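No experiment lies behind these values; they were computed from the predicted model shown.
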Amino acid sequence: MSEITIALGKGRLESFTLQTFEKSGIEFPDFTEDSRKLIFNDRDHIYQIVLVKASDVPTYVEKGAADIGIVGKDTLEESGADVFEVLDLGFGRCKFAVAGLPGETYDSSSKLTVASKYPKVAKDYYHKKGVSIETIKLNGSVELAPLIGLSDVIVDIVETGKTLKENGLVVLEDISEISARLIVNKASFKTKTDRIHWFIDEMSKAVEQETV
Ligand code: PRP
């Protein structure tokens, strides 16, 4: 059995992590981009990578099924998982924002309805402002909601702003910055300190090299 398990969502995070390992001389001989395998071990069976659905990464790490995870801050915030967030990997940059029709203003006489793929993020944001809202959980095409009267506004990710623009919506309020984060299970952080610190350092160096 491997000593350290790392949970990754498929896609860009996956190749970045594998490249980082490679630079440190750790190879995963079975790994290929098009493989359908879900578990990969390095040659020395110290590290094990498990490929999971991105939104499940915080669950694997919180429960200790994985020691380390790499996940977008958006998914992490929405999960509310009790884990250590140890490193900002700097890629996958975008932001959470409230968006709606231009000039949309909050009418305090009625409850604000907010459609989002991230109802917890939406609730937390408005709670801090002291505004009580009704959230409507959607799974995609969130921009549609204010256009056809399902909600007053949306809380969503804005990357280029293209989706909002093409649908006649605007950012009404910025909420927070998002990027990929390295997370660690709280117990593993204490019991597997050396290996975990080594991994954090290697990832940290790789991030610095990317940004130079
Ligand atoms: C995300 C997000 C926005 C869009 C923002 O949706 O929910 O709709 O990307 O990107 P932009 O600012 O660069 O336009 P996604 O592409 O995941 O599609 P979905 O609507 O199916 O969730």
Polar side-chain atom of Asn41 near backbone of Gln48 as donor-acceptor pair, under 3.5 Å: no
More than 12 heavy atoms of other groups within 6.0 Å of Phe199 CZ: yes
Close aromatic pair by centroid cut-off 6.0 Å: Phe31 and Phe40: yes
Ser179 to Asp88 - nearest heavy-atom pair and separation: OG-OD1, 2.7 Å
Whether Tyr118 and Phe96 hold their rings parallel, tilted or perpendicular, with breakpoints at 30° and 60°: perpendicular
NZ/NE/NH1/NH2 to OD/OE distance under 4.0 Å, Glu134 and Lys111: no
Closest non-hydrogen atom pair between Glu3 and Arg195, with its separation: OE1-NE, 2.9 Å
For the student: nearest non-hydrogen atoms of Asp82 and Glu62, plus distance: N-OE2, 3.0 Å
Carboxylate-amine/guanidinium contact Glu177 Lys73, below 4.0 Å: no
Nearest atoms (heavy-atom pairs only) where Ile196 meets Asp67: CD1-CB, 4.4 Å
Electrostatic pair Lys205:Glu202 at N-O distance under 4.0 angstrom: yes
His127, NE2 atom: more than 12 neighbouring heavy atoms under 6.0 Å: no
Asp42 side chain to Ile46 backbone, donor-acceptor under 3.5 Å: yes
